[in-house]
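Only a predicted model underlies this, so the values are computations on that prediction, with no experimental measurement involved.
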Amino acid sequence: MFFHKHKKSAEKFEEQTLGYLDALYGTALRMTGQEAAAEDLVQDTYLRATRFRDKFQPGTNLKAWLFKMMVNLFINNYRRERRSREISQGTERQDMVERTVTPGKLSAASAPEEHFFEKLFSDDVVAAIDDLPHDFKMVVLLVDINEFSYAQVAAILSIPVGTVMSRLHRGRRLLRSALYSFAVEEGYIKPKDEAIDQPADLASFRERKRKM
């Protein structure tokens with residue numbers, strides 16, 4: 001009976017975490033800049049989440065828990081220029097990947113035309129986000145794309161809330177500057193507006209993209 005309940009609990013946890021596969025992959029791709037590296041980062045995140053699922057407190061934000069785990073893995077294993085970054089080897093990793101993040105699921109998530117990130121924004125917006133300095137990009141990705149609160153982002157990145165707000169403001173200003181011409185062409189702002197000094201409104205881009 002105990003084994004049966006434990007198995008069902010594990011299966012439910014895996015099912016819940018898979019609901020965030022697209023969001024994790026989209027952010028991992030912006031973080032790493034490479035599809036293969038993003039796939040590895042997501043796989044390692046799911047492996048770690050599976051290993052430490054007993055550490056997750058039911059009722060708390062699972063998405064935030066997964067993102068913090070992924071960000072920590074990125075900082076510790078990807079951002080540094082290491083080639084020997086393997087978190088696990090052999091059949092344990094392969095079994096986990098086949099059970100949760102299957103090649104088909106990752107393939108669907110990694111298709112540029114199908115992925116949620118590319119659905120929501122044009123190439124211009126994606127490129128502008130990619131060009132942001134890393135610290136600003138991370139906050140923009142977490143707040144404006146994944147809709148985490150300032151407090152959640154502070155916990156994920158292990159920085160003060162004030163720093164989150166400051167980086168977000170500066171990141172949005174950089175985006176606004178980079179996207180000014182595009183925004184005028186698409187009709188989001190008027191040429192005479194002083195909007196370049198205002199935070200970038202990614203919600204407008206997102207809504208416009210959804211309607212296309």
Looking at [X] and [Y], what are the two nearest heavy atoms and their distance?
{"X": "Asn146", "Y": "Ala23", "result": "OD1-CB, 3.6 Å"}
{"X": "Ala128", "Y": "Ala178", "result": "CB-CB, 4.1 Å"}
{"X": "Ser158", "Y": "Lys68", "result": "OG-NZ, 3.1 Å"}
{"X": "Tyr25", "Y": "Ala38", "result": "CE1-CB, 3.7 Å"}
{"X": "Met69", "Y": "Ala49", "result": "SD-N, 3.4 Å"}

side-chain contact (heavy atoms from CB on, under 4.5 Å) partners of Gln34, counting only residues at least two apart: Ala37
Tell me whether Ile75 is reachable from Ile156 by hopping between hydrophobic residues (I, L, V, M, F, W, Y) whose side-chain heavy atoms are closer than 4.5 Å. yes
Common cluster, Phe67/Val161, ILVMFWY with side-chain heavy-atom separation under 4.5 Å: yes
So, applying side chain to side chain contact (heavy atoms under 4.5 Å, CB included) with Thr32, which one of Asp40, Thr27, Val42, Leu41 is it?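 When Asp40, Thr27, Val42, Leu41 are each tested with Thr32, the side chain to side chain contact (heavy atoms under 4.5 Å, CB included) holds only for Leu41.
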Measuring from atom [atom1] of [X] to atom [atom2] of [Y], what distance do you get when rounded to the nearest 0.5 angstrom?
{"X": "Gln43", "Y": "Glu39", "atom1": "CD", "atom2": "CD", "result": "6.5 Å"}
{"X": "Ile129", "Y": "Leu141", "atom1": "CD1", "atom2": "CG", "result": "6.0 Å"}
{"X": "Asp54", "Y": "Phe13", "atom1": "CG", "atom2": "CZ", "result": "9.0 Å"}
{"X": "Leu47", "Y": "Leu73", "atom1": "CG", "atom2": "CG", "result": "9.0 Å"}
{"X": "Met31", "Y": "Leu29", "atom1": "CE", "atom2": "CG", "result": "11.0 Å"}
{"X": "Leu174", "Y": "Lys137", "atom1": "CG", "atom2": "NZ", "result": "12.5 Å"}

Given side chain to side chain contact (heavy atoms under 4.5 Å, CB included), test Phe136 with His169 step by step and report yes or no. CA-CA 9 Å; Phe136 299 156; His169 178 71; over 6 Å; no
Please examine the side chains of [Y] and [X], heavy atoms only from C-beta on, and report whether any two atoms are closer than 4.5 Å.
{"X": "Ile159", "Y": "Arg167", "answer": "yes"}
{"X": "Trp65", "Y": "Gln57", "answer": "no"}
{"X": "Arg172", "Y": "Leu168", "answer": "yes"}
{"X": "Leu142", "Y": "Val164", "answer": "no"}

How far apart are the C-alpha atoms of Leu21 and Tyr46, what are their side-chain angles, what is the distance that settles it, and do they pass the side chain to side chain contact (heavy atoms under 4.5 Å, CB included) test? CA-CA 9 Å; Leu21 176 59; Tyr46 273 90; 3.7 Å; yes
Would a distance-only check, ignoring hydrogens and angles, find a side-chain to backbone donor-acceptor pair under 3.5 Å from Thr17 to Glu14? yes
Expected output: side-chain Lys63 to main-chain Tyr20 donor-acceptor under 3.5 Å: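 Such a contact is absent between Lys63 side chain and Tyr20 backbone.
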Got a sec, which residues hit side chain to side chain donor-acceptor pair (under 3.5 Å) with Thr60, two or more places apart in sequence or on another chain? none
The test is side chain to side chain contact (heavy atoms under 4.5 Å, CB included); show your working for Val153 and Met138 and say whether it passes. CA-CA 9 Å; Val153 174; Met138 287 302 304; over 6 Å; no
